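Everything on this sheet refers to the single structure shown next.
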Amino acid sequence: MLDIKRLRKEPEQVVEALGRRGVQVPMDEFTRLDRRRRELLVEVEEKKALRNRASGEIAAAKRSGGDAAEQIEAMKQVGEEIKQLEDVLRDVERQLDDIVMELPNPPLPDVPTGDDESANVTLRSHGEPTVFDFQPKAHWDLGAELGIIDQERGTKVAESRFTLLKGLGARLERALINFFLDLHTREHGYTELFPPILVNSESMRGTGQLTKFAQAEMYKLRDDDLYLNPTAEVPVTNLYRDEVLEEAQLPMHVTAYLPSFRREAGAAGRDTRGLIRQHQFNKVELVKFVMPETSADELESLTANAEEVLKRLELPFRTVTLCTGDLGFASAKTYDLEVWLPSYDGYKEISSCSNFLDFQARRLGIRYRPADGGKPRFLHTLNGSGLAVGRTFAAIIENFQNEDGSVSVPEVLRPFMGVDRID
RNA sequence: GGAGGGGUGGCGGAGUCCGGCUGAACGCACCGGUCUUGAAAACCGGCAGAGGCCCUGCGGUCUCUCGUGGGUUCGAAUCCCACCCCCUCCGCCA
């Protein structure tokens with residue numbers, strides 16, 4: 001949620017920044033409603049002050065055995081007026097809220113302007129696209145031949161976009177999760193969490209998953225106010241909702257493995273084969289709660305932590321800065337990590353690392369008390385995948401495939417796999 | 001699922017039956033000060049959050065907040081209704 005005070009104090013900057021995202025701020029309407037709100041507030045509060053004063057006097061009169069009937073009668077009238085004004089005020093505040101809640105996070109100045117992904121800027125790349133001296137296969141074909149991916153049976157027990165992993169496939173999935181978590185906890189200093197996989201609507205709303213557009217993506221339980229987790233960002237970021245942390249607790253770096261579920265409502269016909277776009281997928285998430293002054297640096301290190309996974313797996317990838325048009329609603333700046341996928345003859349997103357500044361924290365009410373004892377301030381939140389497991393699985397199968405249809409196991413995974421090839 | 005108890009400030013804990021100078025006693029923690037060679041103890045003082053208005057540096061003032069949302073009333077932490085959550089016992093169960 002955008003800081004309404006910022007919209008008042010520096011409207012030009014906000015309008016300019018959001019303009020880069022192609023968002024029109026209804027500034028005139030905002031100003032009108034905002035002014036109206038404050039007028040009403042002053043009026044209501046004056047009447048309330050009057051009533052409070054009178055109540056005190058009534059109490060005093062009664063205690064000394066006096067008669068306060070006249071004043072009580074007058075206050076009845078004032079009470080009515082307050083009630084009416086409050087109705088109007090509530091309505092104005094709702095309209096204001098509708099405007100502010102629909103505004104996305106203004107992008108940071110160093111985010112490139114653009115309409116869509118074609119304007120994203122490649123920041124750096126690691127490794128070269130894998131070259132084969134034979135015709136490489138897509139992971140869905142290779143996986144089926146190896147008997148480690150069974151799409152048909154996944155569909156049989158659930159529906160399409162669900163997959164069964166078997167044998168060394170199931171083990172590879174588990175190995176990746178363990179490798180990711182071990183790296184982030186033992187070497188990158190993150191604390192491991194395992195949160196609930198069902199989350200309530202308040203949590204979903206807090207991280208912005210229940211907007212008009214996002215809602216259709218979520219699996220909702222019929223009999224309870226619960227949803228299947230769409231990304232560990234939701235349960236993890238909500239951990240400290242409505243709390244005031246101590247500065248000494250910051251920065252807080254946490255990681256969580258969690259199955260994630262998405263309906264992929266708008267993706268009919270896209271990535272229909274293989275593990276790239278599934279209704280259920282595993283992901284290891286990185287989340288940070290940090291001091292405002294440090295969030296820019298924290299985004300760099302978060303991204304580096306995610307990149308390290310790909311480096312150790314010896315997978316070619318590149319890091320791109322998303323342009324304004326490709327940014328998520330709550331993000332002020334995002335780096336995507338894209339892994340080389342031979343079957344796509346291109347790079348495919350495997351991690352998305354974002355700095356939300358205080359946008360999420362404001363909506364969620366997550367603050368910290370400065371060490372000097374000052375007023376609580378909103379902290380900054382960041383998150384990134386570290387990494388998406390299914391897409392990593394696909395990338396390994398495809399990039400490490402051999403001519404005989406076997407797949408070599410990346411060096412770092414061998415301790416987890418117990419074998420050096422899948423065949 | 002059944003029965004009972006309970007949700008108050010950073011924490012503990014009064015107040016709720018009998019509505020009114022109670023945004024909330026008291027204690028702990030924390031911050032500042034006095035004392036001390038230093039520290040502790042003791043003593044003095046401060047110490048919830050959000051929003052509005054005035055001044056716009058300090059500050060002043062008002063409103064709201066005692067799980068959440070309604071209601072009664074001139075006035076609600078205190079009364080009424082609904083919901084949420086927690087605890088104990090029983091039942092069930094991985």
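Below, read A as the first sequence line, B as the second, and so on, with proteins coming before strands; counting in each chain starts at 1. Everything quoted here is computed from the prediction, not taken from an experiment.
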Would you say [X] reaches [N]'s phosphate, i.e. side-chain N/O to OP1/OP2 under 4.0 Å?
X: Asn52(A); N: rU63(B); answer: yes
X: Arg51(A); N: rU63(B); answer: no
X: Arg369(A); N: rG10(B); answer: no

Pairing partner of [N] (Watson-Crick or G-U wobble, both distances under 3.5 Å):
N: rA14(B); result: none
N: rG45(B); result: rC31(B)
N: rA3(B); result: rU88(B)
N: rG9(B); result: none
N: rA50(B); result: rU63(B)
N: rA39(B); result: none
N: rC58(B); result: none

Checklist entry - Is the number of heavy atoms from other residues, nucleotides or ligands under 6.0 Å of Glu12(A) CD greater than 12? => result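 Count over threshold, so yes.
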Next on the checklist: Take a 6.0 Å sphere around CG of Asp110(A) and say whether it holds more than 12 heavy atoms from other residues, nucleotides or ligands.
Outcome noted: yes
Distance between the [atom1] atoms of [N] and [M], in whole angstroms?
N: rC11(B); M: rU22(B); atom1: P; answer: 24 Å
N: rC18(B); M: rG71(B); atom1: P; answer: 24 Å
N: rC58(B); M: rA42(B); atom1: C1'; answer: 33 Å

Checklist entry - Looking at Gly386(A) and His184(A), what are the two nearest heavy atoms and their distance? => result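 What the structure gives for the nearest pair is O-NE2, 2.8 Å.
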Looking across every strand, which nucleic acid part, if any, lies under 4.0 Å from [X] by heavy atom: base, sugar-phosphate, or nothing?
X: Lys62(A); result: base
X: Arg367(A); result: sugar-phosphate
X: Leu41(A); result: sugar-phosphate
X: Ala54(A); result: nothing

Write down the distance between [atom1] ([X]) and [atom2] ([N]), rounded to a whole number of angstrom.
X: Arg90(A); N: rG51(B); atom1: CZ; atom2: C1'; value: 16 Å
X: Glu81(A); N: rC74(B); atom1: CD; atom2: C1'; value: 13 Å
X: Asp87(A); N: rG70(B); atom1: CG; atom2: C1'; value: 13 Å
X: Arg241(A); N: rU68(B); atom1: CZ; atom2: C1'; value: 13 Å
X: Leu89(A); N: rC64(B); atom1: CG; atom2: P; value: 13 Å
X: Glu202(A); N: rG69(B); atom1: CD; atom2: C1'; value: 13 Å

Checklist entry - Near RNA chain B, under 4.0 Å by heavy atom, which residues of residues 1-10 of chain A? => result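 Those residues whose heavy atoms fall under 4.0 Å from RNA chain B, taken from residues 1-10 of chain A in numerical order, are Lys5(A), Arg8(A).
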Checklist entry - Want to settle it: does Val44(A) or Glu246(A) sit nearer the 5' end of RNA chain B, counting the closest nucleotide to each? => result Glu246(A)
Next on the checklist: If you assign Glu45(A) and Lys76(A) each to the RNA chain B nucleotide with the nearest heavy atom, which residue ends up on the more 5' nucleotide?
Outcome noted: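 Taking each residue's closest nucleotide, the earlier one in sequence belongs to Glu45(A).
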Under 3.5 Å donor-acceptor pairs involving side-chain atoms of residues 166-180 of chain A, not counting sequence neighbours:
| unit_1 | atom_1 | unit_2 | atom_2 | d |
| --- | --- | --- | --- | --- |
| Arg171(A) | NH1 | Met417(A) | O | 2.6 |
| Glu173(A) | OE2 | Asn282(A) | ND2 | 2.7 |
| Asn178(A) | ND2 | Arg174(A) | O | 3.4 |

Next on the checklist: Rounded at 0.5 Å granularity, tell me how far OG in Ser203(A) sits from CG in Leu226(A).
Outcome noted: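 Answer rounded to 0.5 Å: 9.5 Å.
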Item to check | Atom pair CG/NE2 of Leu181(A) and His188(A) - distance to nearest 0.5 Å | outcome: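 One gets 12.5 Å once the value is rounded to the nearest 0.5 Å.
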Checklist entry - Does the side chain of Thr319(A) reach to within under 4.5 Å of the side chain of Thr303(A), using non-hydrogen atoms? => result yes
Checklist entry - Do any pairs count as a side chain to side chain donor-acceptor pair (under 3.5 Å) and have a residue in residues 243-256 of chain A, sequence neighbours left out, and if so which ones? => result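 Applying side chain to side chain donor-acceptor pair (under 3.5 Å) to every pair that reaches into residues 243-256 of chain A, excluding sequence neighbours, yields His253(A)-Glu298(A).
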